[in-house]
Amino acid sequence: MQNECSLVARFLRAEIDNTTFRHVDHLRVGYELLDRYDFTTAAHIFSSTLRAIAARAGRPEAFHHTITIAFLSLIAERRLDRPTSDVEDFLDLNTDLQDKAILQNWYAPERLNSDAARNTFLLPTAGARTPTLLPSKIKPA
């Protein structure tokens, strides 16, 4: 928990080095923000801070609005469906979220890779592949 608090504190101060901030770190921060705030507030903080980190690194184009909100939505939904005691249990239970390609369950590649998706949140494409809503690794309740 101490490491997670430190990660979130550094994230909130936009002190994260974007070259070492891995996808799983995004998941950890998203989980912790949702633990502290309602979804709307967490989404605002997560998005604006990621955007600031990307800009500070000289890569503002690295921020992707749809991917950010889609993953935060998945984290929030999974937290409701199968509550866990902490972020590590959450990650163990939801190993499929650690694969960025999971969004292909809801988004056609051309939609997700569009400038529009990068600049605003786009809803998933109608008729996209049927998503797997249950975590890939279920622990006994």
Just wondering, do Asn113 and Tyr107 contact through their side chains at under 4.5 Å, heavy atoms? no
- Message: What I'd like to find out is whether the side chain of Ile69 reaches to under 4.5 Å of the side chain of Phe46, using heavy atoms alone.
- Response: no
Do Leu7 and Ile16 have side chains that get closer than 4.5 Å, going by heavy atoms?
yes
Glu77/Arg79 salt bridge by N-O under 4.0 Å criterion: no
I'd like to know whether the aromatic ring centres of His23 and Phe71 sit less than 6.0 Å apart in this structure.
yes
Shortest non-hydrogen pair, Ala43 vs Leu72, comes out as CA-CD2, 3.4 Å
### Leu50 side chain reached by Phe11 side chain, heavy atoms, under 4.5 Å
yes
Beyond-backbone contact of Leu122 with Ser114, side-chain heavy atoms, under 4.5 angstrom = yes
Scanning both residues in full, the closest heavy-atom pair of His65 with Asn119 reads CB-C, 4.0 Å
Interatomic distance, OG1@Thr84 vs CG@Asp92, rounded to 0.5 Å, equals 9.5 Å
**Prompt:** Should Leu123 and Thr66 count as side-chain neighbours, where that means a heavy-atom distance under 4.5 Å?
**Reply:** no
- Query: Is the NZ or CZ atom of Arg118 positioned over Phe63's six-membered ring, under 6.0 angstrom from the centre and within 45° of the axis?
  - Reply: no
Taking the side chain as C-beta and beyond, is there a heavy-atom pair between Val29 and Arg10 under 4.5 Å?
no
For Gln98 and Leu91 the tightest heavy-atom approach is NE2-O, 3.2 Å
Salt-bridge criterion met for Arg22 and Asp25 (N-O under 4.0 Å)
yes
OG1 of Thr19 to CZ of Arg59, rounded to nearest 0.5 Å, is 10.0 Å
**Asked** Are any of the side-chain heavy atoms of Ile75 and Phe90 separated by less than 4.5 Å?
**Response** yes
Tightest non-hydrogen contact, residues Tyr31 and Ser85, listed as OH-C, 4.1 Å
